[in-house]
Amino acid sequence: MTLALLSALVLAPLAAEPPAVTLLVTRRTRVAPAEAQGLANEVATHLVALGVPLALEPAAAAKKLARLGVADTAACAGRKLCIAELGRQLGAAWVIAASVSRVEGDRSLGLELVRASDESVAAKDSIFLPGALKPTADQLTAFGAAVRTALGLEVTPEPKKDEGDAPRVETPKEAPRTAPVAEATPAPAAVPAVVLPAEPPAPPKSHVSGAVLGGGAVLALAASGALAWLGLSTRASLAQGQPGPDGRVLSSLSGSEATSRAQTASVELGAAGLAGALGLGLGVAAAVAW
């Protein structure tokens, strides 16, 4: 009998010890890490006051996971398998997963109680926080009671009013606005880097056009020289003849023949000038093309 009583006294504290619970930010959408961690700390403070046993505070749990190589718990993006694994790494039987999102100028806070052993969700709730308002104990009362029920802990009953007490008239408070937790946009799949092929080396520059233009310039200049020589020769033939009585040279050509040769010389010299100008132009073009 004495042995049974001693065994009951030893095992009673162990049976009454609540399971290990921790709170982590497991999803974050358009909210800075420090802001999300601050909201998690506020929620943890209210839940502890409501009788939810937290083995590790959110900041302490995040630091412990960082030492284990988990830089950002929000990388879970709400996936239950990832949340349960974080709980197992911390030695916690339950994880309160906090999802923080910004919807325009307001914030939305989603809470889920996830069992680390089988990834099941035992309780969940969502809170809408207009502007920069922080969560209050009233907003977390229902979730705290659901967590204590899931953990098998006694829920503290609300105090009953005596029948003789006069009813108290309370000013109704504006019910907090609630909104569903905004689903975080899934991170886009990593796009493989596109490696552009290297540009092929530029083909060697062709000098064919330069050579053709240069050849044309040489031919044009040669033609210009030949035409100039013919024109000068034709003009020189006009001065050939016999000296007259007054000492002047008299041409042996008739007047019509002299006029024809003079016209021929003018044409040949003019053509020589044109050929020379063409040759110079082709030479400049050849130099540029080369």
Side-chain angles (χ1 to χ4, degrees), residues 12-28 31 34-65 73-74 76 78 80 83-84 86-87 90-101 106-117 119-161 168 170-182:
L14 296 178
E17 183 178 356
V21 183
T22 187
L23 191 152
L24 296 172
V25 178
T26 57
R27 178 184 291 171
R28 186 179 63 251
V31 178
E35 183 180 0
Q37 191 63 48
L39 287 176
N41 294 337
E42 292 283 343
V43 171
T45 300
H46 292 310
L47 289 179
V48 170
L50 292 170
V52 176
L54 290 182
L56 282 176
E57 296 180 353
K63 289 182 180 179
K64 184 175 181 180
L65 289 172
T73 57
C76 281
K80 302 301 182 293
I83 295 171
L86 293 181
L90 294 171
W94 297 86
V95 177
I96 298 177
S99 173
V100 186
S101 305
D106 305 324
R107 293 175 299 182
S108 179
L109 176 62
L111 299 172
E112 290 183 332
L113 179 64
V114 180
R115 192 197 306 267
S117 59
E119 306 160 23
S120 62
V121 177
K124 63 190 305 182
D125 199 357
S126 61
I127 301 173
F128 187 66
L129 302 173
L133 292 181
K134 297 180 180 180
T136 63
D138 292 340
Q139 292 174 305
L140 293 165
T141 300
F143 181 72
V147 171
R148 288 182 60 84
T149 300
L151 298 180
L153 302 177
E154 182 182 356
V155 179
T156 304
E158 295 182 359
K160 297 181 179 180
K161 295 186 295 182
R168 293 179 298 172
E170 297 182 355
T171 303
K173 298 181 180 179
E174 182 182 356
R177 293 182 294 168
T178 59
V181 179

- prompt: Would a distance-only check, ignoring hydrogens and angles, find a side-chain to backbone donor-acceptor pair under 3.5 Å from Arg107 to Ile127?
  reply: no
- prompt: Salt bridge check: are Arg28 and Glu35 linked by an N-O gap of less than 4.0 Å?
  reply: no
- prompt: So, do Val114 and Ser120 sit near enough that their side-chain heavy atoms are less than 4.5 Å apart?
  reply: no
task: Give, for atom CG of Leu109 and atom CD of Gln139, the distance between the pair rounded to the nearest 0.5 Å.
output: 9.0 Å
message: Please determine whether side-chain contact (heavy atoms from CB on, under 4.5 Å) holds for the pair Val52 and Arg148, giving the CA-CA distance in whole Å, both sets of side-chain angles, and the decisive distance to 0.1 Å.
response: CA-CA 6 Å; Val52 176; Arg148 288 182 60 84; 4.2 Å; yes
field: Glu57, CD: over 12 other non-hydrogen atoms inside 6.0 angstrom
entry: no
task: Drop me the distance from Leu39's CG to Ser99's OG, to the nearest 0.5 angstrom.
output: 11.5 Å
message: For Lys64 and Leu90: C-alpha separation, side-chain torsions, deciding distance, then whether side-chain contact (heavy atoms from CB on, under 4.5 Å) applies.
response: CA-CA 8 Å; Lys64 184 175 181 180; Leu90 294 171; 3.7 Å; yes
query: Between Phe143 and Leu47, is a side-chain contact (heavy atoms from CB on, under 4.5 Å) present by the stated rule, with each step listed?
result: CA-CA 9 Å; Phe143 181 72; Leu47 289 179; 4.0 Å; yes
message: For Ala20 versus Ala55, what's the shortest heavy-atom pair and its separation?
response: CB-CB, 4.0 Å
query: Taking the side chain as C-beta and beyond, is there a heavy-atom pair between Leu86 and Val95 under 4.5 Å?
result: no
field: Check: Lys134 and Leu129 side chains under 4.5 Å, non-hydrogen atoms
entry: no
query: Would you find a donor on one side and an acceptor on the other, under 3.5 Å apart, between the side chain of Asp106 and the backbone of Gly131?
result: yes
query: Any donor-acceptor pair under 3.5 Å linking the side chain of Thr26 with the backbone of Ala97?
result: no
- prompt: If every non-hydrogen atom of Ala150 is compared with every non-hydrogen atom of Trp94, which pair is closest and at what distance?
  reply: O-CZ2, 4.2 Å
field: Phe128 CZ to Ser101 OG distance, which is reported to the nearest 0.5 Å
entry: 11.0 Å
- prompt: Has the side chain of His46 got a donor or acceptor atom that lies under 3.5 Å from a matching backbone atom of Leu140?
  reply: no
Full working for side-chain contact (heavy atoms from CB on, under 4.5 Å) between Thr22 and Ile96: CA-CA 6 Å; Thr22 187; Ile96 298 177; over 6 Å; no
task: Quick one: closest heavy-atom pair of Pro53 and Val21, and the distance?
output: O-CB, 3.2 Å
message: With heavy-atom distances below 4.5 Å as the criterion, would you say the side chains of Pro58 and Val43 are in contact?
response: no
Closest non-hydrogen atom pair, Val31 against Ala36: CG1-N, 3.8 Å
query: About how many Å separate CG of Leu56 and CG of Leu24, when rounded to the nearest 0.5 Å?
result: 9.0 Å
message: To the closest 0.5 Å, what do you measure between CD (Glu42) and CG (Leu133)?
response: 11.5 Å
